[in-house]
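Take a look at the structure set out below.
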Amino acid sequence: MSFSQPIPYGRQQITEADIAAVTDALRADYLTQGPKVAEFEQKFAEYVGAQYAVAVSNGTAALHLCALALHVQPGQRVITTPITFVASANCVRYCGGEVHFADIDPATALIDLQAVRRLLESHPAGHFHGLIPVDFGGLAVDLEAARQLCDEFGLWLLEDSCHAPGGSFRDSAGREQRCGNGQFADLAIFSFHPVKHIATGEGGMITTNRLDLYQELLLLRTHGITRDPDLMERHDGGWYMEMQELGYNYRMPDILCALGVSQLAQAPAGLARRRALAARYDAAFAELPAVRPLAGSPGHAYHLYVVRVADRKGLYDFLRTRQIFAQVHYIPVHTMPYYQGLGWQPGDFPQAEAYYAECLSLPLFPSLTDAEQDYVVASVREFV
Ligand SMILES: *Cc1c(COP(=O)(O)O)cnc(C)c1O
């Protein structure tokens with residue numbers, strides 16, 4: 001069996017409804033800051049259960065604005081995971097801060113909060129300023145535990161939830177807590193890059209329950225300019241606006257927010273399909289001990305389906321010969337030449353490096369058919 005089209009690890013799904021939504025936005029009066037921005041923000045906030053949402057140009061811009069709103073200063077130290085996309089760490093560098101890492105839990109590939117605690121305890125009070133955990137692959141970090149740790153040591157908490165819109169975990173009282181709902185983290189960020197759950201080409205979102213941070217983010221997103229007379233120091237007339245601090249143009253255009261609204265309406269169905277596909281992989285690999293999937297959970301959002309195999313490179317190359325384009329998530333951030341230039345070295349985070357040697361993300365996206373998935377499983381089985 002084979003397929004005429006190559007099978008990638010992730011792929012966006014654009015429907016006729018999406019195309020109609022964008023066409024309508026193009027015919028409307030606003031191309032950039034129009035009604036679709038507020039609509040997308042409001043609906044997204046509802047979807048994740050947060051009070052406020054701010055749409056921005058992409059997930060990296062979201063991280064940068066969060067680092068600015070949290071007042072990351074040159075020399076301040078912020079902890080993140082080595083197993084993430086580099087942007088989670090880079091946002092600290094944009095503000096001149098120092099990136100530190102804590103190793104991962106090998107069962108989940110999430111940052112190990114015990115390792116974070118050991119790091120915090122081995123330094124004087126006030127040494128670290130913030131924590132950026134990542135809901136890696138779509139599995140939610142235990143943010144309740146992360147919040148307790150941050151409160152104990154005086155850190156802010158920024159959740160990188162690019163992989164987990166719609167994901168959740170159960171808190172210690174048994175309540176479902178959605179990723180990005182702002183119950184525990186000060187801020188959370190999302191990306192609408194085509195491989196993510198909700199695709200707008202480029203796009204991002206910040207969610208929070210903190211009004212002070214929300215207002216700060218609105219300013220920073222548009223050059224630090226306000227047009228709200230209540231917030232101004234003086235008021236010269238109808239034309240008047242005020243630049244109050246150094247901000248950026250990180251706006252998400254109305255055209256893309258229209259696509260976001262339409263994509264968001266399909267997100268629950270996409271999430272259900274991702275979970276069904278993950279369950280099919282789980283069942284298939286239960287009989288293949290050489291293939292070890294990362295731990296699951298009922299609230300898993302399954303951006304990625306990651307397995308660990310001894311001969312990862314061999315499997316990756318073999319699948320390519322079958323037109324299956326699996327991917328590796330991620331090359332540990334601390335081993336990137338840029339971060340090695342800052343003093344980090346291979347060997348610093350053994351669990352992350354051992355994970356990297358064995359991990360492979362298999363194709364997982366809502367339009368993946370059962371037959372395509374069976375072909376992927378058969379190919380993996382043939383190799384191992
Ligand atoms: C995709 C991603 C980002 C960056 O988002 P962009 O929209 O591509 O800038 C940041 N963090 C994680 C974990 C991501 O997967």
Side-chain angles (χ1 to χ4, degrees), residues 8-12 40 44 48 53-68 78-95 99 101-102 104 108-111 130-141 143 146 157-167 179-180 185 187-207 217 221 248-253 256-257 259-260 263-264 274 294 300-306 327-334 336 338-339 352 355-356 359 361 364-365:
Y9 85 91
R11 177 192 281 155
Q12 76 273 19
F40 187 35
F44 193 88
V48 303
V54 179
V56 294
S57 349
N58 54 59
T60 305
L63 284 161
H64 186 193
L65 287 192
C66 288
L68 290 166
V78 175
I79 303 166
T80 190
T81 168
I83 297 300
T84 185
F85 184 56
V86 290
S88 314
N90 292 350
C91 64
V92 176
R93 299 295 304 141
Y94 298 155
C95 300
V99 179
F101 302 95
I104 59 161
T108 59
L110 299 184
I111 195 168
L131 177 64
I132 309 178
V134 178
D135 298 319
F136 174 74
L139 180 63
V141 167
L143 283 179
L157 180 58
L158 164 56
E159 178 186 12
D160 182 338
S161 200
C162 284
H163 296 184
C179 296
L187 294 160
I189 69 109
F190 297 87
S191 162
F192 308 124
H193 182 278
V195 297
K196 311 285 164 77
H197 288 62
I198 296 162
T200 65
E202 297 284 352
M205 194 73 81
I206 306 168
T207 58
L217 291 166
R221 176 176 65 177
Y248 295 80
N249 175 358
Y250 279 167
R251 295 184 299 259
M252 185 172 179
L256 295 184
C257 286
L259 179 54
Q263 282 269 303
L264 184 59
R274 286 173 180 275
L294 289 180
H300 203 305
Y302 284 107
H303 166 57
L304 302 174
Y305 190 89
V306 180
Q327 190 49 277
V328 170
H329 298 94
Y330 287 97
I331 304 159
V333 177
H334 71 282
M336 290 290 181
Y338 173 78
Y339 281 96
Y355 163 83
Y356 168 60
C359 69
S361 305
L364 181 69
F365 47 90

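Counting convention: from 1, in listed order, for ligands and their atoms alike.
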Check your understanding: So Y94 and T60, side chain to side chain contact (heavy atoms under 4.5 Å, CB included) or not? Walk me through it.
Key -> CA-CA 11 Å; Y94 298 155; T60 305; 3.4 Å; yes

Measuring from [X]:[atom1] to [Y]:[atom2], what's the distance to the nearest 0.5 Å?
{"X": "F136", "Y": "S161", "atom1": "CZ", "atom2": "OG", "answer": "13.5 Å"}
{"X": "L131", "Y": "L158", "atom1": "CG", "atom2": "CG", "answer": "9.0 Å"}
{"X": "L110", "Y": "L139", "atom1": "CG", "atom2": "CG", "answer": "4.5 Å"}

Per-atom contacts of ligand 1 with [X], taking only distances under 4.0 Å to non-hydrogen atoms:
{"X": "S88", "value": "11 (N)"}
{"X": "G59", "value": "5 (O), 6 (P), 7 (O), 9 (O)"}
{"X": "N58", "value": "7 (O), 9 (O)"}
{"X": "T84", "value": "13 (C)"}

Consider ligand 1: state whether an atom of it lies below 4.0 angstrom from any non-hydrogen atom of [X].
{"X": "Y330", "value": "yes"}
{"X": "K196", "value": "yes"}
{"X": "G204", "value": "no"}

Is it true that [X] and [Y] have ring centroids separated by less than 6.0 Å?
{"X": "H329", "Y": "Y9", "answer": "yes"}
{"X": "F44", "Y": "F190", "answer": "yes"}
{"X": "H334", "Y": "Y339", "answer": "no"}

Check your understanding: Is it the side chain (CB and beyond), the backbone, both or neither of H163 that lies under 4.0 Å from ligand 1, heavy atoms counted?
Key -> side chain

Point to revise | D160 contact mode with ligand 1 (heavy-atom cut-off under 4.0 Å) | key: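 Just the side chain.
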
**Study point:** Protein heavy-atom partner closest to atom 4 (C) of ligand 1 - residue, atom, separation in Å
**Key:** T60 OG1, 3.7 Å

**Study point:** Nearest-contact summary for atom 8 (O) of ligand 1 - protein heavy atom, Å
**Key:**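 Here the closest protein heavy atom is S191 OG, 4.0 Å.
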
Exercise for review: Answer yes if the side chains of Y305 and R274 hold a donor-acceptor pair under 3.5 Å, and no otherwise.
Suggested key: no

